[in-house]
Amino acid sequence: MDRATASTTPAATPRSMFESSGVQALLDQLDAELVGLAPVKGRIRDIAALLLIDRLRTEQGLQSQPPSLHMCFTGNPGTGKTTVAMRMAEVLRQLGYVRKGHLVAVTRDDLVGQFIGHTAPKTKEVIKRAMGGVLFIDEAYYLYRPENERDYGQESIEILLQVMENNRDDLVVILAGYRDRMDTFFSSNPGMASRIAHHIDFPDYSEEELMRIAQLMLGKLNYRFDDGARTAFARYVGLRRDQPHFANARSVRNALDRIRLRHATRLFALDEAPGRDALCTLQAEDVLASRVFGRPAGLED
Amino acid sequence: MRITQGTFSFLPELTDAQISAQIEYCLGRGWALAVEYTDDPHPRNTFWEMFGMPMFDVRDAAAILMEVNNCRATFPQHYIRLVASDATHGTESVVLSFIVNRPASEPGFRLVRTEEAGRTVRYCIESYAVQARPEGARY
């Protein structure tokens, strides 16, 4: 039916198709809910465009081969790799690239066995579960342990490679990990590198982006900063970024959790019943009590 | 003689696309599928060999079909069937079973008559393939 309507109206431009297919709405939603991440969004847009153009080509009887969509997400901690992978499964389902659109998130433990002959069934089990959706392998570089030549990770990698090649229509594999470690992983597994078409780098967030992320997180939890708290938190973000173990959005989330703890304690000390306003407003003192202010760098909080 | 066991066995061989559609139906109802094979197709032989574990938590037919094709590659001249089990309380048993692979030639069964006391005759059937050769070399 889709095909019939499209052939009677040859004037359907890719752009109008883009809007009518619901993909535009999906991308807009991504824009609204994920702050920053321009290279990631750009790549998703490109993939969406290609899949739509492919549909047009099929209607014209042209050869259209579904592209290989295996991906690798690299980036520092807390830059949104897992979050985007979750979204990616849904996006690909809407685009009609994967059939079920579920995400199976695994790490080395789920793929690699503990004795000879244990790895292959374990890896295959996971692959079967992920078929029709997305297989997300977090910290994928752990699969390969060069220091132990009898490590079973290599076996798991070989099975993955085979499935990535033979069952390209059935599942999308997304690897994720830190930049430098993934680079070593790929240099020792060239087969893996060449089978992954999309290497997407997740940039660190700027201070302004981190503030927007904080606002989004608070909004979802029905909290808000008052003016003092907002400037205090902006200062907090600036200071925290220069400290070690900074994990972008994850650090922001942890900081907000601690601020909520202090907010709760402050309300507890009051003698009167807190109003609705007091229950959702975080004040400057909740933020400023953090150890990040006025403590030597290196201490976490 | 073509063996007719399980669902769809009076139909022409199912294509892979048709098998996929049947698998989708099973998965949609929450049934767990398993691949089983045998070279002893006697109708009373209900316990076939399991080709791997029953597949729980699978969401897509492609995974099951991959396992079927693995089994076909390993046992091209065996009977292979897909078994769907329903874990619902009160059912808890096999609810659908159909053959997805069979040997190229099926010699069929002979009727064996046994004389008993008082000129009673007892009948049973015996597969030509099974009596001719041992397990693993029958087809």
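Side chains are part of it too, since the values below use all heavy atoms of this structure and drop only hydrogens, waters and symmetry mates. Please read all numbers here as calculations on a predicted model, not as lab measurements. Here is how names work: the chains are called A, B, and so on, in the same order as the sequence lines, proteins then strands, and each is numbered from 1.
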Reported [atom1]-to-[atom2] distance for the pair [X] and [Y], which is rounded to 0.5 angstrom:
X        : Y        : atom1 : atom2 : result
A/Arg129 : B/Arg59  : CZ    : CZ    : 11.0 Å
B/Met66  : A/Asp170 : CE    : CG    : 8.5 Å
B/Asp57  : A/Lys128 : CG    : NZ    : 11.0 Å

Quick one: does B/Met53's side chain get under 4.5 Å of A/Glu125's, heavy atoms only?
-> no
Return yes when atom [atom1] of [X] has more than 12 non-hydrogen atoms of other residues, nucleotides or ligands closer than 6.0 Å, and no otherwise.
X        : atom1 : value
A/Ile116 : CD1   : no
B/Glu116 : CD    : yes
A/Arg150 : CZ    : no
B/Glu92  : CD    : yes

Where on A/Asn167 is there a heavy atom nearer than 4.5 Å to chain B: the side chain, the backbone, both, or neither?
-> side chain
Identify the two heavy atoms, one from B/Asp60 and one from A/Met131, that lie closest to each other, and give their separation to 0.1 Å.
-> CB-O, 3.0 Å
